[in-house]
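Residue numbers begin at 1 in each chain, while the letters A, B, ... track the order of the sequences.
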Number of protein chains: 2
Amino acid sequence: MLSDRQRMILNVIIDDYIRSAEPIGSRSISKRSDVGYSPATIRNEMADLEELGFLEQPHTSAGRIPSIKGYRYYVDHLVKLGEVNEQDLLFVRSFFTEKMNQMEQIIQHAAMILSNMTNYTSIVLGPETFTTSLKHFQLVPLGEDTAVAIIVTNTGHVENRTISIPQEMSMDEMQQAVNILNAKLIGVPLVRLKAKLYSEVGQELGRYADQFERLLGILDQTLASDNDHRVFMSGTTNMLTQPEFKDVDKVKTLLDLLEETPTIMQMFSALPSGIQVRIGTENTHEAINNCSLITATYSVEGKSLGTIGILGPTRMDYGKVISLLDILSKDMAVLLGRWYK
Amino acid sequence: MLSDRQRMILNVIIDDYIRSAEPIGSRSISKRSDVGYSPATIRNEMADLEELGFLEQPHTSAGRIPSIKGYRYYVDHLVKLGEVNEQDLLFVRSFFTEKMNQMEQIIQHAAMILSNMTNYTSIVLGPETFTTSLKHFQLVPLGEDTAVAIIVTNTGHVENRTISIPQEMSMDEMQQAVNILNAKLIGVPLVRLKAKLYSEVGQELGRYADQFERLLGILDQTLASDNDHRVFMSGTTNMLTQPEFKDVDKVKTLLDLLEETPTIMQMFSALPSGIQVRIGTENTHEAINNCSLITATYSVEGKSLGTIGILGPTRMDYGKVISLLDILSKDMAVLLGRWYK
DNA sequence: CGTTAGCACTCGATAGCGTTGAGTGCTAAT
DNA sequence: ATTAGCACTCAACGCTATCGAGTGCTAACG
């Protein structure tokens, strides 16, 4: 479809544009030592590339910038994965080798590393609920009529909620019910928990009637409240340093989007495994139509655990980001693998 | 120091400027129905006020804007506390009357209400650690060599951390040690916990030697890790809608500041009780030298629990914000009072 | 025939310049 | 003491000219 020379030129244009954020002219390309053609020749090729839809002109007599299609081709065929330099690699690894024994800590750090090394915004989703199961359920009395309900999952995630205990229920009764729940429910995946509660444990606890009903409510509340605990972000303000976000209005819509956890979850859910690149309008949300989102899933034994991603301008250093995500997703998988063995 | 008329004029200028964000001229003041003077008279007074340092002129032939000193005078002597209208009051209260039984939930909501109602950025600090004490300490085994350490405080706050258990220590031994710790340490304020650990419990657990040392480390880790859990923010992007933040650079320095939890903590710590207003350069941090920070502490039985605050441009609706903070801090005190009775 | 030099052309960006109008300070009249 | 009147200032706005980076086309070249 494209000649070697066209590919070369497209490649150079995109590389340069990623660095400079300004339209690239034929002269500047011609001057590069690795390009042996005159500006005129380059111009001809550029005109062709534009006709094919790989390049765009902001206006006549400006240089060319890559189009979405151009970026797409670049990502699919041209990009050289930046061989992450030794130093960076060590940096990444060192972050993970310290005593990092809590899952959320690992995830948080991953987000930080990503945003620090790329200067874009990083988004990390923790493991999906359906792979986690209940490890322990407990009530800790606080005062006369309050207690803390604590749920521990096999991933080491702890969810807690302070609840008020109905007057007519004694602490002892409560504790007894909790014991039964523990006996029956440990090991059950969180998503199936509710169903299991009603079906199996229901009969067993039948005689506890009222109390049981309340406890269910508590468990339910606790489970419902942790939906947003699993999105981590870092470097949200990095966006502001990019020249494409000089306009405050764009910044606002973008930052507002990032604050809406449900939207983020939705964007990240149902992503195919492996590395995905969504360029500009390929993204469903309008607010990021001039952004690119690169995501990588991390998984253990074939099971997808979660997703890490980088959000930056369409003019993004794809090579670097992709290779970084690749490394990091694998490292995370190894590290998190512990919890799932 | 100031004549009645000067005060009136200063008041009008600041009120108008807060609304319009644009320099106020003599004509526009004169035209107001409640001002019976001609522009010329107003001009004379304005010139005097400027000489006294209450007003500033961005440039000759522009209107006047309040100076820091002007705002200060306004806040100290002129501001009419916006009598929060019935509807808003109900709105605030309704937010709190629902089943809101977890401390962090209350605080989070308070931050949300504040930012929603003011369109500025709200910052809320949860109760200081020294008023909270240990309620419960527990280990939940996860796998062969890992466990979750859970600390519950009397405020209903739960702190947790996944830890790895040294090979040479059996779960039973561990559990035994935990039991002793619980027996000895419940009720001890968190800040004194560490000292108490070494002094009192040390001897008791002497024979557990090694294990004890490890457990200490665990408790220590857990306590050290929750320093930033207590700052809540809402409406950070509201800043962007203010005309004084058209400039992306200012926005960035500001948002960066807000992301540094330690700095925020530092800013809020050691604030005198009651309502405080820090205008412009009265703030220590340069990044908010064109902002005003209004804070209110909330306390139960004379003990200060925490702080709620609003960060906005110096051109801020002081009357509204102050009265809102007043109401909210009192409501929060009542609500949180439960935990401390 | 592919490549390149030359040249006219386009158009955003920048600078210079007059105009406008909001606002001031001063003076003299009320 | 207040106000009307007036000259003055200055940012904002719009207009025009200039500049230059970059293009597209044509013709010449190897």
- Please state how far atom CZ in A:Arg43 lies from atom P in D:dA21, giving the value in whole angstrom units. 14 Å
- Can you check whether any acceptor in the base of D:dT9 is under 3.5 Å from a donor in the side chain of B:Thr60, or vice versa? no
- Item | Nucleotide of C:dT4, D:dA11, C:dG25 approaching A:Thr41 most closely (side-chain heavy atoms) | C:dT4
- Query: Does B:Lys250 make a cation-pi contact with B:Phe245, if we ask for NZ or CZ under 6.0 Å from the ring centre and within 45° of the axis?
  - Reply: no
- Query: Within the modelled atom types, does a donor on one side and an acceptor on the other bring the side chain of A:Ser61 and the base of C:dT10 under 3.5 Å apart?
  - Reply: yes
- Using a distance-only test with no angle check, is there a side-chain donor-acceptor pair under 3.5 angstrom linking A:Thr297 and A:Ser273? no
- Between C:dT24, D:dT23, C:dT4, which nucleotide has the shortest distance from any of its atoms to the side chain of A:Arg64? D:dT23
- Item | N/O (side chain, A:Arg27) to phosphate O (OP1/OP2, D:dG20) under 4.0 Å | no
- Message: Between C1' on C:dG2 and CZ on A:Arg5, what's the gap in Å once rounded to a whole number?
- Response: 8 Å
- Note on the structure: Quick note, A:Met46 side chain, CB onward, closest among D:dT23, C:dT24, D:dG24 is D:dT23
- Message: Whole angstroms only, please: what is the CD1-P distance between A:Ile42 and C:dT4?
- Response: 8 Å
- Item | For atom OH of A:Tyr37 and atom C1' of C:dG2, their distance in whole Å | 10 Å
- Item | For B:Asp16, the option from B:Arg32, B:Arg315, B:Arg27 that meets salt bridge (charged side-chain N to carboxylate O under 4.0 Å, His left out) | B:Arg32
- Query: Roughly, in whole Å, what's the span from OH in B:Tyr17 to P in C:dG23?
  - Reply: 14 Å
- Query: Can a donor-acceptor pair be found between the side chains of A:Thr284 and A:Gln266 at a distance below 3.5 Å?
  - Reply: no
- Centroid-to-centroid, A:Tyr74 to A:Phe54, below 6.0 Å? no
- Item | Separation of atom CD in A:Glu22 from atom P in D:dG22, rounded to whole Å | 9 Å
- Query: What's the NE2-C1' distance between B:His59 and D:dT9, to the nearest Å?
  - Reply: 10 Å
- Message: If I take atom CG in residue A:Asn44 and atom C1' in nucleotide D:dA27, what distance separates them, rounded to the nearest angstrom?
- Response: 13 Å
